[in-house]
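Everything below concerns the one structure shown next.
Please read these numbers as outputs of a predicted model, since none were measured by experiment. Basis for what follows: all heavy atoms, side chains included, without hydrogens, waters or symmetry-related copies.
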Amino acid sequence: MAMLLLRAWSYVLAVTLLLVPGLGPVARADATASHATTVQQTAEQRIGGADRYAVSANVSRWLPNQDGTRVVVASGEVFADALSAGPLAARLGARLLLTQKGELPASVKQELSRKRPGEIIVAGGTGSVSDKVGEDLAAIAPVTRIDGTDRYAVAAGVADRVQSDQVVIASGEVFSDALAAGPLAAKLGASLLLSGRYTLPQATRDALRRIGPKTVIVVGGPGTIGDRTMKQIAAAAGVTPLRVGGQDRYEVAANVASRYFPDSQTALVASGSVFPDGLSGTPLAYARHAPILLGTDTCTPAATVSALAGLKSLAHRVYLGGPASLTSSPYACGTPGVRPGVIPPKADPQQGIIPGGSPGEEAIYFVPHQDDELISMAGGIIHDVNDGRRVHVFLVNAGDWTGTKDVLCQKQKVCLTDDQVTASRNAEFLASLEALGVPASNVHFLYTKEQQPDATPVVQRAVADIVAQAGPDALYRSISWLDAHPGHNRIGYAVRDQCWASGLHNCLFFQSPLYQQRWEGPGFLPVETPIGQDYPIGKVLVDRAVAAYRTSSPADGRFAVGWESVQGQIAWIDKYDASWGHGLVWRSAEAEAAASDWIVMYQRKKRREAHPGMAVLGLAVEHPSNRAKPGRGTGLGGSGCRG
């Protein structure tokens, strides 16, 4: 099983980055050189953000071995300057951050404060990055501006800084081809110049004459750079350009990947329909020796699916941007795209599931059943994705112990085995998480049988193993131990006790809307929680996540089990569009005491009603500093209700 797990969930890879010293022009270097990295990869990873500026800041945190010596800053409101500056940033080992014209975004300020650079290069004139932003940047580090009368002149100015005898040219009118061209230019040590469709701009002509390139590669078909313009490029450069084209932007990017990155172990995927999230990708692509392929918000274009399949050494995919702009779905556009019922291998918490060596950016979610991540925890997942964290989700229970199985059989005459129920719920779970921004390979299945008497110690051991492996810098999220559902609070107690025992302060607990004391809740036996807050989700993502539970496709092993079992709670989160999470600090001693009384009176009673005559099992570990206080260490084990 361990070997199967390692094959199914492959994570660790040593990759390379070449840092170029000095403040002058970039020296050409061997792009195949390799050495150790401080950031390990997962099989799939999303680098999201609350907006385009946060995405750029988050991408920079995942650059391996970047030393912070330089930062390149460009406009996030127009695409051209950032794209032409991407290869320069890559070869300098620099971060590429985006800014508004008139104000430096808070997320970018925070990233610059996290690791102060020694030099900041601004790509673009004051029409795209104002003097005010330049002054704000100059207060952080010395600023060099690469200016120009238009985007073509800025790209030419960047080319002067690169000083290469190879040139890559892409459209300056549409962004998509230049997204794919950036990693190619960085790999070749080439300048990235821009062109119009019908004519070659004067600034680009002049740059080609100054450079006198040995090779020119044009990325894009005649629809973005016409045949007449190709002749003008040849005349200015003195060499015949090579075109890498395609039927559309997705095929162009796929052709670049297959031709120039055939042995890549990593591929980056960015939106091909909206430009901002991919702008900062070239430095990361260069560091990972990876191409940038293009996708959409709901499906993966056929050319991209084919390109990914053609990269025979591919082990890692990185999705740039949030799930509202780019899906991690493996299904090609134009196909039904129904994720079939599935029972993935059982995860072994001791077998290297969490990658070591990451910069404290792992968010670990312990989810009881295959619908709780949406009903109770979706806001937290989106929050962590937007903060640029790598989210791992552990599904604790098998999910086959549910009264819905009887309802389906009696009312709909759909009588399922335990494995069929689990497989259908797993598919719903994976599709929902995909909509929330968590790729499938970062989802792990423990398959605990919650109806078994030993469920509590099994869960406690698994949580302890995962926490020990991930370490004190990871962030831990769970359902609340104050949740009235016994299958839920068992997990909440296990995580809470690990947080206490390890002295962790980065633990967050989510409360089911059905059981929380809030004005919009149903008010079913409510109990006040410790201090917490709402975590918004976003209507588009909620709608897509909910759709995963409504999908019924018996031929694919999908039976809408989640929608049948918790339709009311799914409707609740669809209406209120937020999750409620709390920590370990109580608002008052009175609130803590009241919660303690509720735990003793209700949770113990609930367990005994569920299993008359069964002894209460596995009292939760009491935090040493709170043994005399009410409400601590009163968690009860045993089996829970069918959910």
Original post:
With side chains defined as the heavy atoms from C-beta onward, is the minimum distance between T300 and P330 less than 4.5 Å?
Top reply: no
Subject >> Pair S432-E373, side-chain donor/acceptor within less than 3.5 Å >> reply: yes
Subject >> Check: V367 main-chain N/O paired with D372 side-chain donor or acceptor under 3.5 Å >> reply: no
Original post:
Between I343 and D419, is a side-chain contact (heavy atoms from CB on, under 4.5 Å) present by the stated rule, with each step listed?
Top reply: CA-CA 8 Å; I343 300 184; D419 281 350; 4.0 Å; yes
Original post:
Is D418 salt-bridged to K405, going by a charged N under 4.0 Å from an acidic O?
Top reply: yes
Original post:
W572 vs Y576 aromatic rings, parallel, tilted or perpendicular, using cut-offs 30° and 60°?
Top reply: tilted
Original post:
Measuring from Y250:OH to T296:OG1, what's the distance to the nearest 0.5 Å?
Top reply: 6.0 Å
Subject >> Pairs where residues 435-479 contributes a residue and the test disulfide (SG to SG under 2.5 Å) is met, not counting sequence neighbours >> reply: none
Original post:
Atom CG of L436 and atom CG of L374: how far apart are they, to the nearest 0.5 Å?
Top reply: 6.5 Å
Original post:
Just by distance, do the side chain of T448 and the backbone of V396 share a donor-acceptor pair under 3.5 Å?
Top reply: yes
Original post:
Got a donor-acceptor contact below 3.5 angstrom from the R389 side chain to the D384 backbone?
Top reply: no
Subject >> Any donor-acceptor pair under 3.5 Å from Y365 side chain to M377 backbone >> reply: no
Original post:
Taking only residues at least two apart or on different chains, which pairs with a member in residues 292-311 satisfy salt bridge (charged side-chain N to carboxylate O under 4.0 Å, His left out)?
Top reply: D297-R544
Original post:
What pairs of residues pass the side-chain hydrogen bond (donor to acceptor under 3.5 Å, both in side chains) test when at least one of them lies in residues 461-475, not counting sequence neighbours?
Top reply: Q350-D465
Original post:
Taking only residues at least two apart or on different chains, which pairs with a member in residues 368-400 satisfy disulfide (SG to SG under 2.5 Å)?
Top reply: none
Original post:
Could you walk me through whether Y493 and Q460 pass the side-chain contact (heavy atoms from CB on, under 4.5 Å) check?
Top reply: CA-CA 9 Å; Y493 281 122; Q460 289 173 335; over 6 Å; no
Subject >> Criterion side-chain contact (heavy atoms from CB on, under 4.5 Å) on D400 and Q451, from CA distance to verdict >> reply: CA-CA 10 Å; D400 56 6; Q451 65 269 36; 4.1 Å; yes
**OP:** Could you tell me whether the side chain of L584 reaches within less than 4.5 Å of the side chain of W500, counting heavy atoms only?
**Re:** yes
Original post:
Does a side-chain heavy-atom distance below 4.5 Å link S329 with T298?
Top reply: no
Subject >> S271: side-chain hydrogen bond (donor to acceptor under 3.5 Å, both in side chains) partners, not counting sequence neighbours >> reply: S273
Original post:
Taking the six-membered ring for Trp, are W586 and W481 parallel (under 30°), tilted (30 to 60°) or perpendicular (over 60°)?
Top reply: perpendicular
Original post:
Roughly how far, to the nearest 0.5 Å, is the CD1 atom of I375 from the CD atom of Q569?
Top reply: 4.5 Å
Original post:
Between the main-chain N or O of T42 and the side-chain N or O of H316, is there a donor-acceptor pair closer than 3.5 Å?
Top reply: yes
Original post:
Taking only residues two or more places apart in sequence or in another chain, which ones pass side-chain hydrogen bond (donor to acceptor under 3.5 Å, both in side chains) with D574?
Top reply: K539
Subject >> Cation over ring face, R52 and F275, 6.0 Å, 45° >> reply: yes
Subject >> V421 vs F559 side-chain heavy atoms within contact, under 4.5 Å >> reply: no
**OP:** Side-chain contact test, heavy atoms from C-beta onward, threshold under 4.5 Å: evaluate it for P344 versus N426 and give yes or no.
**Re:** yes
Subject >> From OH (Y549) to CZ (F429), nearest 0.5 Å >> reply: 6.5 Å
Subject >> Counterpart residues, salt bridge (charged side-chain N to carboxylate O under 4.0 Å, His left out), relative to D277 (two or more places apart) >> reply: none
Original post:
Which residues pass the ring-ring contact (aromatic ring centres under 6.0 Å, His included) test with H383, sequence neighbours left out?
Top reply: Y535
Original post:
How far apart are the closest heavy atoms of S579 and I537, and which atoms are they?
Top reply: OG-CD1, 4.1 Å
Original post:
With no hydrogens and no angle check, is any side-chain donor or acceptor of R249 less than 3.5 Å from a backbone partner on S176?
Top reply: no
Original post:
Salt bridge between R425 and D371, side-chain N to carboxylate O under 4.0 Å?
Top reply: yes
**OP:** Grab the two heavy atoms, one from A595 and one from L482, that are nearest each other, plus how far apart they are.
**Re:** CB-CD2, 4.1 Å
Original post:
So, do Y476 and Q498 sit near enough that their side-chain heavy atoms are less than 4.5 Å apart?
Top reply: no
Original post:
Any idea which heavy atoms bring A435 and L541 closest together, and the distance?
Top reply: O-CD2, 3.4 Å
Original post:
Does any pair with a residue in residues 358-474 pass disulfide (SG to SG under 2.5 Å), and if so which ones, sequence neighbours excluded?
Top reply: C409-C415
Original post:
For Q45 and N442, does a side-chain donor sit closer than 3.5 Å to a side-chain acceptor?
Top reply: no
Original post:
Got a second to check how far L268's CG is from L293's CG, nearest 0.5 Å?
Top reply: 9.0 Å
**OP:** Using the test salt bridge (charged side-chain N to carboxylate O under 4.0 Å, His left out), find all partners of R558 that sit at least two apart in sequence or belong to another chain.
**Re:** none
Subject >> Any donor-acceptor N/O pair, S441 side chain to E44 backbone, under 3.5 Å >> reply: yes
Subject >> Nearest heavy-atom neighbours spanning T422 and G399 >> reply: OG1-C, 4.4 Å
**OP:** Verify, without hydrogens or angle tests, whether S502 (side chain) and L504 (backbone) share a donor-acceptor contact under 3.5 angstrom.
**Re:** no
Original post:
Salt bridge or not for E564 and K411, using N-O below 4.0 Å?
Top reply: no
Subject >> Between H369 and W401, ring centroids under 6.0 Å >> reply: no
**OP:** Find the distance between CD1 (I47) and OH (Y319) and round it off to the nearest 0.5 Å.
**Re:** 12.5 Å
**OP:** Quick one: which residue pairs count as a disulfide (SG to SG under 2.5 Å) with a foot in residues 427-476, not counting sequence neighbours?
**Re:** none
**OP:** Report yes or no: does S565 contribute a side-chain atom to a donor-acceptor pair with the main-chain N or O of T404 at less than 3.5 Å?
**Re:** no
**OP:** Just do the side-chain contact (heavy atoms from CB on, under 4.5 Å) check on F509 and T529 with the steps written out, would you?
**Re:** CA-CA 10 Å; F509 301 86; T529 62; over 6 Å; no
**OP:** State, yes or no, whether a side-chain contact exists between S107 and N58 at a heavy-atom distance under 4.5 Å.
**Re:** no
Subject >> Closest contact, heavy atoms only, L311 versus A267 >> reply: CD1-CB, 4.2 Å
Subject >> Sequence-distant partners of S553, side-chain hydrogen bond (donor to acceptor under 3.5 Å, both in side chains), two or more places apart >> reply: D556
**OP:** Determine the minimum heavy-atom distance between F175 and V274, stating which atoms define it.
**Re:** CZ-C, 3.6 Å
Original post:
Judged by atom type as modelled, is there a donor-acceptor pair below 3.5 Å linking the side chain of D483 to the main-chain atoms of H485?
Top reply: yes
**OP:** Answer yes if the side chains of E362 and H392 hold a donor-acceptor pair under 3.5 Å, and no otherwise.
**Re:** yes
Subject >> Pairwise side-chain contact, P323 with R46, heavy-atom cut-off 4.5 Å (strictly under) >> reply: yes
